[in-house]
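For reference, the structure discussed in these notes is given below.
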Amino acid sequence: MLRFPGQGPVTPDDVVIGPLDLAARIDEALAVQAVAFGLGSDEIAVRRQIVLRHLSYPGARALGATTADGRLVGFVYGMPNDRTHWWSTVVEPYLRSQGYDEWLDDSFVITELHVHPGFQNRGIGRALITTITDSATEPRSILSAIDTESPARGLYRSLGYQDLARQVLFPSAPKPYAVMGAPLPLRHR
């Protein structure tokens, strides 16, 4: 478990990073994702089914960031990549066109990483992603993020992720994404 001191009078004393039973706390996690990512109730209902399906995949695991009173304020989950998974089938042509389709093999995918806006910029996202990838047996990690300059993309770059493909279009996603990859272990600075 990692502990991070809280900041300000309205936050708890500690945020603890540790294993998360995501299936049991899925509604709390999706509430964090909804606030952090601006999702509506219809999108959350769809994502609920996706997350539960992902958790059945071999090697899928999750970590949570919880306050001293047990409130979930952030989470990450991922799994070893499988080329037959939907995400891989969508990104593969984009990666192939850039000469990076081998990144779909022997990679740990960060499927979702979200921190409640009231707890962002405190190192929680960094702790979640580095902790989950530190236990990966794969030599590299891949993820997708909205293809715009954002604090999330800045975080990923600071950890060693580089753009592998940009302007990746997912069905029903309103904005294009970038696929990013990094060798493991991630830089921990």
Side-chain angles (χ1 to χ4, degrees), residues 20 22 29-30 32-34 36-39 43-44 46-63 74-115 120 124-189:
L20 174 66
L22 186 53
L30 291 175
V32 169
Q33 185 175 3
F37 215 55
L39 302 177
E43 292 169 299
I44 291 299
V46 169
R47 287 178 185 254
R48 188 176 204 283
Q49 298 308 312
I50 292 168
V51 171
L52 291 173
R53 184 178 70 243
H54 286 164
L55 294 175
S56 72
Y57 293 162
R61 59 189 185 278
L63 295 175
F75 73 99
V76 63
Y77 82 92
M79 65 199 82
N81 192 53
D82 184 323
R83 282 182 179 256
T84 65
H85 293 166
W86 176 83
W87 182 85
S88 289
T89 65
V90 173
V91 304
E92 190 272 336
Y94 294 93
L95 292 174
R96 186 173 3 95
S97 74
Q98 300 299 311
Y100 290 120
D101 64 312
E102 76 278 1
W103 277 80
L104 293 172
D105 301 316
D106 295 321
S107 289
F108 185 81
V109 179
I110 301 299
T111 309
E112 299 286 350
L113 170 62
H114 300 286
V115 176
Q120 291 177 0
I124 295 170
R126 177 179 299 277
L128 285 166
I129 193 171
T130 57
T131 304
I132 200 166
T133 58
D134 279 352
S135 62
T137 58
E138 296 77 17
R140 55 191 168 202
S141 174
I142 54 177
L143 56 80
S144 54
I146 294 175
D147 194 2
T148 186
E149 292 311 311
S150 65
R153 296 275 308 279
L155 168 63
Y156 302 145
R157 283 192 189 100
S158 76
L159 294 168
Y161 285 90
Q162 297 180 349
D163 291 344
L164 303 176
R166 298 195 59 194
Q167 298 297 301
V168 175
L169 301 174
F170 288 99
S172 78
K175 298 176 183 175
Y177 279 71
V179 176
M180 302 178 78
L184 294 179
L186 297 176
R187 294 192 300 241
H188 282 249
R189 45 174 204 140

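Throughout, residue positions are numbered sequentially from 1 according to the sequence presented.
Using a distance-only test at 3.5 Å, with no hydrogens or angles considered, a donor-acceptor pair links the side chain of Arg140 to the main chain of Asp105. Asn81 places no side-chain N or O within donor-acceptor distance of the main-chain N or O of Val109, the cut-off being under 3.5 Å. In this structure a side-chain-to-backbone donor-acceptor pair under 3.5 Å is missing from Ser107 to Leu104. A donor-acceptor distance shorter than 3.5 angstrom exists from the side chain of Thr89 to the backbone of Trp86, with no hydrogens or angles considered. No donor-acceptor pair closer than 3.5 Å links the side chain of Asp163 to the backbone N or O of Ala165.
Interatomic distance, Leu186 CG to Phe108 CZ, rounded to the nearest 0.5 Å: 10.5 Å. Here the straight-line distance linking atom CG of Leu155 with atom CD1 of Ile124 works out to 12.0 Å at 0.5 Å rounding. Rounded to the nearest 0.5 angstrom, Leu20 CG and Leu63 CG are separated by 7.5 Å. Note that the CZ atom of Phe75 and the CG atom of Leu22 stand 6.5 Å from one another [nearest 0.5 Å]. Distance CZ/Arg47 to CG/Leu52: 13.5 Å, rounded to 0.5 Å. Taking CD1 from Ile110 and CD1 from Ile129, the interatomic distance works out to 4.5 Å, rounded to the nearest 0.5 Å.
Proximity of Phe170 to Ser144: side-chain heavy atoms (C-beta onward) are separated by under 4.5 Å at one or more points. In this structure, the side chains of Arg83 and Asp101 come closer than 4.5 Å at one or more pairs of heavy atoms. Contact annotation: the side chain of Ile146 approaches that of Phe37 to within less than 4.5 Å [non-hydrogen atoms, C-beta and beyond]. In this structure the side chain of Leu128 reaches within 4.5 angstrom of the side chain of Val115, judged on heavy atoms. Looking at Arg96 and Glu102, their side chains never come closer than 4.5 Å, going by heavy atoms from C-beta outward. In this structure, Pro139 and Leu184 have side chains that are not in contact, with every pair of non-hydrogen atoms separated by 4.5 Å or more.
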Show your working on side chain to side chain contact (heavy atoms under 4.5 Å, CB included) between Leu164 and Tyr94 and close with a plain yes or no.
CA-CA 9 Å; Leu164 303 176; Tyr94 294 93; over 6 Å; no
Apply side chain to side chain donor-acceptor pair (under 3.5 Å) to Arg187 and Thr130, showing your working.
CA-CA 8 Å; Arg187 294 192 300 241; Thr130 57; over 6 Å; no
Show your reasoning for whether side chain to side chain contact (heavy atoms under 4.5 Å, CB included) applies to Ile142 and Met180.
CA-CA 6 Å; Ile142 54 177; Met180 302 178 78; over 6 Å; no
Please lay out, stage by stage, how Asp147 and Lys175 fare under the test side chain to side chain contact (heavy atoms under 4.5 Å, CB included).
CA-CA 8 Å; Asp147 194 2; Lys175 298 176 183 175; over 6 Å; no
Run Met79 and His54 through side chain to side chain contact (heavy atoms under 4.5 Å, CB included) and show every step you take.
CA-CA 8 Å; Met79 65 199 82; His54 286 164; 3.6 Å; yes
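The aromatic rings of Tyr161 and Tyr156 lie perpendicular to each other, with more than 60° between the two planes, well past the 30° mark.
In this structure, Ala62 and Tyr77 approach most closely via the heavy-atom pair CB-CB, 3.7 Å. Considering every non-hydrogen atom in both Gly78 and Ile132, the closest pair reads N-CD1, 4.0 Å. When all heavy atoms are compared, the tightest approach of Pro58 to Pro80 is O-CD, 3.6 Å.
Salt-bridge annotation for Glu43 and Arg48: absent, with no side-chain N of the basic residue lying under 4.0 Å from a carboxylate O of the acidic one.
If you check the side chains of Ser135 and Arg61, you find a donor sitting under 3.5 Å from an acceptor.
Not less than 6.0 angstrom separates the ring centroid of Trp87 from the ring centroid of Tyr177.
By the 6.0 Å contact criterion, CD on Gln162 is open, its count of non-hydrogen atoms from other residues, nucleotides or ligands being 12 or less.
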